[in-house]
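None of the values given here were measured: they were computed from a predicted structure. All ligand and atom numbering here is 1-based and tracks the order in the structure. Heavy-atom basis, side chains included; hydrogens, waters and symmetry copies ignored.
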Amino acid sequence: MARAFAKVILFGEHAVVHGRHAIAAALDRGATAEARVVEGVSRLAMQPWGRVTLADEDDDVARAFSSVLEAVGGAAPVDVAVDVVVPGGAGLGCSAAIAVAIARAVADARGISLTDDGAAACANAWERVFHGNPSGVDVAVAAHGGVIKFQRGGEARPVVPGGVMELAVVYTGEPSSTKTMVESVARQLARRPQVVERTFDGIDTLALKGARAIEAGRWYEVGQLMDLNHALLSSLLVSTEKLEEVCRLAREAGAMGAKLTGGGGGGCAIALAPGKTEAVLAAWRAAGYEGFAAHIGSPIR
Ligand code: PMV
């Protein structure tokens with residue numbers, strides 16, 4: 001059984017597309033896949049959607065599947081079954097977890113050995129079909145697990161939290177398109193290069209400081225850096241009223257910091273709330289938002 005993790009981005013989304021650092025953390029949920037060599041055309045079945053795709057069909061899932069099959073190497077047709085336990089379209093790296101699990105399962109079935117970075121590279125072929133210009137952070141954390149520091153084109157480096165990081169994750173209920181938001185930020189960069197480059201540099205500094213604060217377990221500082229990162233993301237116009245509301249509710253309920261996570265324009269937000277996770281989740285629930293606790297740095301099942 002091949003596995004891969006869903007994720008939250010703690011710092012650095014969007015800036016990471018343009019060469020800056022991001023810090024991402026694996027969640028204790030994600031995707032699993034099994035593959036076996038068969039005769040004929042390769043086939044992909046995905047649960048919970050009950051969707052079956054043949055590699056030679058004319059659609060994006062088939063194209064993404066074929067790109068992963070090719071990137072893994074070997075030619076044997078395979079039958080792949082994927083099981084996903086993450087909400088899709090919410091910026092939690094569902095697509096990357098699926099892609100990494102597929103790459104690993106196909107490599108196992110074909111008798112090819114893949115490192116974590118190798119699995120991530122194969123999975124990025126899938127991400128390119130859906131996201132246009134992926135930085136690679138989603139597939140890197142899906143493959144490595146734990147907390148990583150990532151820069152485009154480089155290898156992921158582990159960040160070891162200096163204690164359990166008590167996060168709460170909330171879904172705004174607004175579907176988000178990473179591709180659309182990445183394109184929107186690229187347009188702003190073309191229009192106002194100096195301002196937007198400076199914003200990216202600011203986010204880069206927050207991400208690097210954030211990694212050091214996480215390693216030292218300085219949660220108050222991590223929370224403040226998250227708030228600042230959220231403000232810079234808002235200035236890139238990737239926040240929404242609902243994302244602002246869930247971040248505000250979290251801070252009022254005692255979170256040390258909160259920010260949107262992932263592409264924005266909807267999707268999810270995270271709050272750092274040591275000892276207050278339940279209070280934050282309750283505040284969100286009272287306002288009609290569904291969330292869950294994610295304790296980063298505790299063993300991943
Ligand atoms: O896939 P999402 O929505 O979690 O966002 C990924 C993070 C971005 O920086 C917005 C895009 C990327 O490729 O890094």
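Using modelled atom types, no side-chain atom of Ser184 and backbone atom of Thr180 make a donor-acceptor pair closer than 3.5 Å. Judged purely by atom type and a 3.5 angstrom limit, Arg3 has no side-chain atom pairing as donor or acceptor with the backbone of Ala97. A donor-acceptor pair is defined here as one N or O able to donate and one able to accept, closer than 3.5 Å; no such pair exists between the side chain of Thr240 and the backbone of Gly265. For the pair Arg251 (side chain) and Ala258 (backbone), a donor-acceptor distance under 3.5 Å is present.
Note: Leu260 CG to Ser234 OG = 6.5 Å, rounded to the nearest 0.5 Å.
Numbered from 1 in the order shown, with element, the atoms of ligand 1 that lie under 4.0 Å from a heavy atom of Gly262 read 2 (P), 3 (O), 4 (O), 5 (O). Residue Lys7 approaches ligand 1 through these ligand atoms, each under 4.0 Å from one of its heavy atoms: 2 (P), 4 (O). Distances below 4.0 Å separate heavy atoms of Val16 from the following atoms of ligand 1: 9 (O), 14 (O). Those atoms of ligand 1 with a heavy atom of Val137 less than 4.0 angstrom away are 14 (O). Near Pro134, the atoms of ligand 1 lying under 4.0 angstrom from a non-hydrogen atom of the residue are 13 (O).
When only interatomic distances are considered, the shortest N/O to N/O separation between Asp138 and ligand 1 falls below 3.5 Å. The shortest N or O to N or O distance between Gly263 and ligand 1 is under 3.5 Å. Where the criterion is an N or O separation shorter than 3.5 Å, residue side chain and backbone included, His14 meets it with respect to ligand 1.
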Note to self: For Arg187 and Glu183: C-alpha separation, side-chain torsions, deciding distance, then whether salt bridge (charged side-chain N to carboxylate O under 4.0 Å, His left out) applies.
What the structure shows: CA-CA 6 Å; Arg187 275 195 302 276; Glu183 286 167 359; 5.0 Å; no
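Between the side chains of His230 and Glu244, at least one donor N or O sits under 3.5 Å from an acceptor N or O.
In terms of protein heavy atoms, atom 11 (C) of ligand 1 is closest to Val17 CG2, 3.7 Å. Atom 3 (O) of ligand 1 has as its closest protein heavy atom Thr178 OG1, 2.6 Å. Atom 7 (C) of ligand 1 has Ile9 CD1, 3.5 Å as its closest protein atom, hydrogens excluded (heavy atom only). Nearest protein heavy-atom contact of atom 13 (O) of ligand 1 is Ser135 N, 2.8 Å.
Note on ligand 1: Met181 sits outside its first shell, no heavy atom being nearer than 4.0 Å.
Using a 4.5 Å heavy-atom cutoff, the side chains of Val61 and Met46 are in contact.
Using a 4.0 Å cut-off between a side-chain N of Lys or Arg and a carboxylate O of Asp or Glu, Glu215 and Lys149 do not qualify as a salt bridge.
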